[in-house]
Protein chains: 2
Amino acid sequence: MDLFFEKCRENKLKITPQRVAIYKALTASVSHPSAEQIHKEVKKLFPNLSLDTVNRTLVTFAGAHMIDVVEGHGDSRRFDPNREAHHHFYCVSCRKIFDFQADSFQADPLDSLVLPREMEEKFLITGKRICLTGYCDQCRSKMAGKKLTLVAVKHRI
Amino acid sequence: MDLFFEKCRENKLKITPQRVAIYKALTASVSHPSAEQIHKEVKKLFPNLSLDTVNRTLVTFAGAHMIDVVEGHGDSRRFDPNREAHHHFYCVSCRKIFDFQADSFQADPLDSLVLPREMEEKFLITGKRICLTGYCDQCRSKMAGKKLTLVAVKHRI
DNA sequence: TATTAAATAGGATTAAATCCTATTTAGGTG
DNA sequence: CACCTAAATAGGATTTAATCCTATTTAATA
C-alpha cells in the first residue's frame with residue numbers, strides 16, 4: 001500500500017475510501033481483471049459504487065504508473081496484415097500503433113527468448129512480439145505540463 | 001495475394017469477392033485498422049457489406065494466420081497491479097492472461113533491446129513487455145481436431 | 001448443373017466504455 | 001477546526017463495438 005499512498009500524493013490524487021478499496025481489490029486479484037470484475041468485488045464494501053468510478057479510477061491509477069492497462073486497452077479490435085517479424089509501440093493517448101524493429105545492428109531480442117519449459121510444453125504459441133507503450137511524439141508534446149486528473153475526455157490527454 | 005489463396009485453400013475457407021476485398025483493403029492499409037475502418041473502405045465496392053461480415057472475416061483470417069489481431073483483442077480492458085518486470089501470454093481462446101518470466105538462467109531479452117534511435121528520442125516509453133499469443137493448455141486440447149469455420153460462438157473455439 | 005455446407009446481409013441484442021449532471025468529499029487554508 | 005473549492009462519486013443515459021439471429025445467397029464439389 002505504500003506505493004499507493006506515495007503515488008497518490010505525488011500525482012495529487014485524492015485518497016478516497018473507494019480508491020483504497022479498488023486498489024486493494026486489484027492487488028489482491030490473481031488474474032488480470034476487468035473493471036467490471038473489480039467493481040463486482042468492491043461493491044461488497046461499497047454497495048453503490050458505480051462502474052464508471054471503477055473504470056476511471058483504474059485508468060487514472062495507470063496514468064500514475066501504479067498499475068498497468070494490459071491487453072486489451074479497452075478500444076476496438078485492430079488488425080495487422082504484416083507477416084514480417086516486427087514489434088509494436090502503442091500510444092496510450094492517441095491509440096496509434098507504430099511498428100518497429102530492433103535496431104538493425106542488433107539481433108532481435110526475441111530470437112534469444114527462452115521460455116519456461118512448462119510453458120513451451122503446454123501452450124501452443126502462435127505469436128511473439130515486443131509491445132511497448134507510452135506516448136508518441138505528437139501526444140508527448142500535447143500533454144506537456146498537463147497534470148493528471150480524472151476529468152478527462154475519453155480518459156485521454 | 002498468394003498467401004491469401006494458399007491459406008484459404010489450406011483452411012477450406014471459401015474465396016468470396018467480399019473476402020478478397022477485405023483482405024486487399026487490410027494489406028493496403030498503412031495503419032492498424034479496426035473492422036469498422038475496413039468496413040468503411042470496402043463498402044465503396046460492396047455497398048451492402050455488413051460490419052458483422054467484416055469482423056468475422058478478419059477474425060477468421062487471423063485464425064488462419066493470414067493476419068494478426070493486435071492490441072486490443074476486442075475484449076474489455078484489463079488491469080495488472082504487478083510492478084515487477086514480467087511478460088504476458090494471452091490465450092486467444094479463453095482470453096486468460098498468463099504471466100511469465102524468461103527462463104531463470106537467461107537474462108531477460110528486453111534488457112538487450114536496442115530501439116531505433118528515432119524512437120528512443122521522440123517517444124516517451126513507459127512500458128516494455130513481451131506479448132505472446134496462442135492457446136493455453138486447456139484450450140489447446142479443447143480445440144484439437146476442430147476445423148476452422150466462421151460459424152463460431154463469440155469467434156472462439 | 002445440382003447440391004449443400006458455408007458465407008452474407010441486415011436488423012436486433014448485448015456488453016463495455018463513456019458522458020452528463022447533481023451531489024458529496026478530501027485536503028488545503030485561514 | 002470549520003470553511004472552501006476543486007476533485008471525486010453516483011447513477012442513469014448514451015455511444016460504440018461486438019455479437020447474435022435468421023433468411024437468403026453462393027462457392028466449391030461431384
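Between the C1' atom of C:dT8 and the NZ atom of B:Lys43 lies a distance of 13 Å, rounded to the nearest Å. Rounded to an integer number of Å, the gap from CG of B:Leu45 to C1' of C:dT8 is 16 Å. Here the C1' atom of nucleotide C:dT14 and the CD atom of A:Glu36 are 11 Å apart, to the nearest Å. Between A:Arg78 atom CZ and D:dA18 atom P there is a gap of 11 Å when expressed in whole angstrom units. Atom CG of B:Asp75 and atom C1' of C:dA17 are 14 Å apart (whole Å). Per the geometry, CG belonging to B:Asn48 stands 11 Å off P belonging to D:dT26, to the nearest Å. Residue A:Asn55 contributes atom CG, which lies 16 Å from atom P of C:dA15 at whole-angstrom precision. Rounded to whole angstrom, the span from the CG atom of B:Leu58 across to the P atom of C:dA7 amounts to 14 Å.
Aromatic pair A:Phe89/A:Phe100: centroids not less than 6.0 angstrom apart.
Classification of A:Glu41 and A:Lys44 as a salt-bridged pair holds, one side-chain N sitting under 4.0 Å from a carboxylate O. Checked for salt-bridge contact, B:Arg77 and A:Asp75 miss the test: no charged N lies under 4.0 Å from a carboxylate O. A:Arg117 has no carboxylate O lying under 4.0 Å from a charged side-chain N of A:Glu120, or vice versa, which leaves the two without a salt bridge.
B:Leu51 comes within 4.0 angstrom of no nucleic acid atom, judged by non-hydrogen atoms across all strands.
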Readout for nucleotides 20-30 of chain C: B = base within 4.0 Å of protein heavy atom, S = sugar-phosphate only, - = neither; 5' to 3' it is B-----BS---
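For A:Arg19, no side-chain nitrogen or oxygen approaches OP1 or OP2 of D:dA7 to under 4.0 Å.
Using modelled atom types and a 3.5 Å distance limit, the side chains of B:Thr53 and B:Ser50 yield a donor-acceptor pair. Side-chain atoms of B:Asp99 and A:His32 form a donor-acceptor pair, as typed in the model, at a separation below 3.5 Å.
Heavy-atom contacts from other residues, nucleotides or ligands closer than 6.0 Å to NZ of B:Lys43 number more than 12.
Residue pairs meeting the ring-ring contact (aromatic ring centres under 6.0 Å, His included) criterion with at least one member in residues 62-86 of chain B, sequence neighbours excluded, are B:His73-B:Tyr90, B:His86-B:His88.
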Practice problem: Carefully, step by step, assess B:Lys7 and B:Glu10 under the rule side-chain contact (heavy atoms from CB on, under 4.5 Å). | Solution: CA-CA 5 Å; B:Lys7 287 287 186 180; B:Glu10 205 174 285; 3.6 Å; yes
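Side chain of B:Ser76, nearest nucleotide from D:dA17, C:dA17, D:dT19: C:dA17. In this structure, the nucleotide among D:dT9, C:dG10, D:dA18 sitting nearest to the side chain of B:Ser50 is C:dG10.
When the local axes at the two ends of the helix from C:dT1-D:dA30 to C:dG30-D:dC1 are compared, using 5 base pairs at each end, they differ in direction by 40° after rounding to 10°.
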